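Here is the structure we will look at, set down as structure tokens.
Because the structure is a prediction, the values reported are computed rather than measured.
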Amino acid sequence: MHVGICKAFLTISESHSLKQKRRVVKSIIARLKNQFNVAVGEVDALDVHQRAVLGIVSVSNDSAHLNRVLSKAINFIEANGLAELTDYEIEFIF
């Protein structure tokens, strides 16, 4: 069993309140879950209205498959346009 973990650091420049941030973050989380069948949650910067850190996790028997899924999820966040992806980290546990 292999576990792929991705930490995505986002900037939400149009957000001027936590309510606006939550709307954007919830939308991104729902789209990632539906499109890539991954577990997603906001893991850091919970009280900062222009930053978000998402944890994205997937489990598979094939590490190459995990890499593809997490890379596509990152590309989706970049192309989505709701938030700017400033950085990300991908880690695999075997």
Side-chain angles (χ1 to χ4, degrees):
M1 176 175 73
H2 304 286
V3 180
I5 304 165
C6 178
K7 206 172 189 182
F9 300 89
L10 308 175
T11 300
I12 309 166
S13 56
E14 288 88 31
S15 174
H16 299 292
S17 70
L18 289 176
K19 187 175 182 179
Q20 289 176 330
K21 173 192 170 181
R22 283 189 199 103
R23 181 183 52 81
V24 171
V25 169
K26 281 186 172 188
S27 175
I28 293 171
I29 288 174
R31 291 177 185 191
L32 287 171
K33 285 180 178 180
N34 289 335
Q35 188 155 351
F36 300 103
N37 195 26
V38 293
V40 186
E42 188 175 5
V43 296
D44 199 7
L46 300 174
D47 292 332
V48 181
H49 68 272
Q50 290 190 331
R51 272 193 20 186
V53 180
L54 299 181
I56 307 166
V57 179
S58 184
V59 178
S60 177
N61 288 333
D62 183 16
S63 59
H65 173 72
L66 285 175
N67 193 21
R68 281 192 304 273
V69 168
L70 294 177
S71 294
K72 287 181 181 179
I74 290 298
N75 291 338
F76 177 80
I77 292 171
E78 284 182 315
N80 193 320
L82 292 175
E84 177 188 350
L85 180 70
T86 55
D87 195 13
Y88 68 94
E89 302 168 357
I90 295 179
E91 179 183 347
F92 299 101
I93 301 173
F94 302 104

To the nearest 0.5 angstrom, please state how far the [atom1] atom of [X] sits from the [atom2] atom of [Y].
X     : Y     : atom1 : atom2 : value
Phe94 : Ser63 : CZ    : OG    : 4.5 Å
Leu10 : Leu82 : CG    : CG    : 10.0 Å
Ser60 : Phe92 : OG    : CZ    : 10.5 Å
Gln35 : Phe76 : CD    : CZ    : 5.0 Å
Asp44 : Glu42 : CG    : CD    : 8.5 Å
Arg23 : Ile28 : CZ    : CD1   : 10.0 Å

Exercise for review: Using a cut-off of 6.0 Å, state whether more than 12 heavy atoms not belonging to Asn37 lie near its atom CG.
Suggested key: no

Practice item. Please examine the side chains of Glu78 and Glu84, heavy atoms only from C-beta on, and report whether any two atoms are closer than 4.5 Å. Key: no

Would a hydrophobic clustering, with Ile, Leu, Val, Met, Phe, Trp and Tyr connected at side-chain separations under 4.5 Å, put [X] with [Y]?
X     : Y     : result
Ile29 : Ile12 : yes
Leu32 : Ile90 : yes
Val25 : Val57 : no
Ile5  : Phe9  : no
Tyr88 : Val40 : yes

Spell out, as yes or no, whether a donor-acceptor pair under 3.5 Å connects the side chain of [X] to the backbone of [Y].
X     : Y     : result
Ser15 : Gln20 : no
Lys21 : Val48 : yes
Gln50 : Thr11 : no

Provide the closest heavy-atom pair for [X] versus [Y] in the form atom of the first, atom of the second, distance.
X     : Y     : value
Ser58 : Leu66 : O-CD2, 3.4 Å
Asn61 : His2  : O-CD2, 2.9 Å
Val69 : Phe36 : CG1-O, 4.2 Å
Leu18 : Leu46 : CD2-O, 3.8 Å
Lys33 : Val38 : CG-O, 3.5 Å

Check your understanding: Picking from Leu54, Ile74, Asn80, what satisfies side chain to side chain contact (heavy atoms under 4.5 Å, CB included) with Leu85?
Key ->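 That would be Ile74.
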
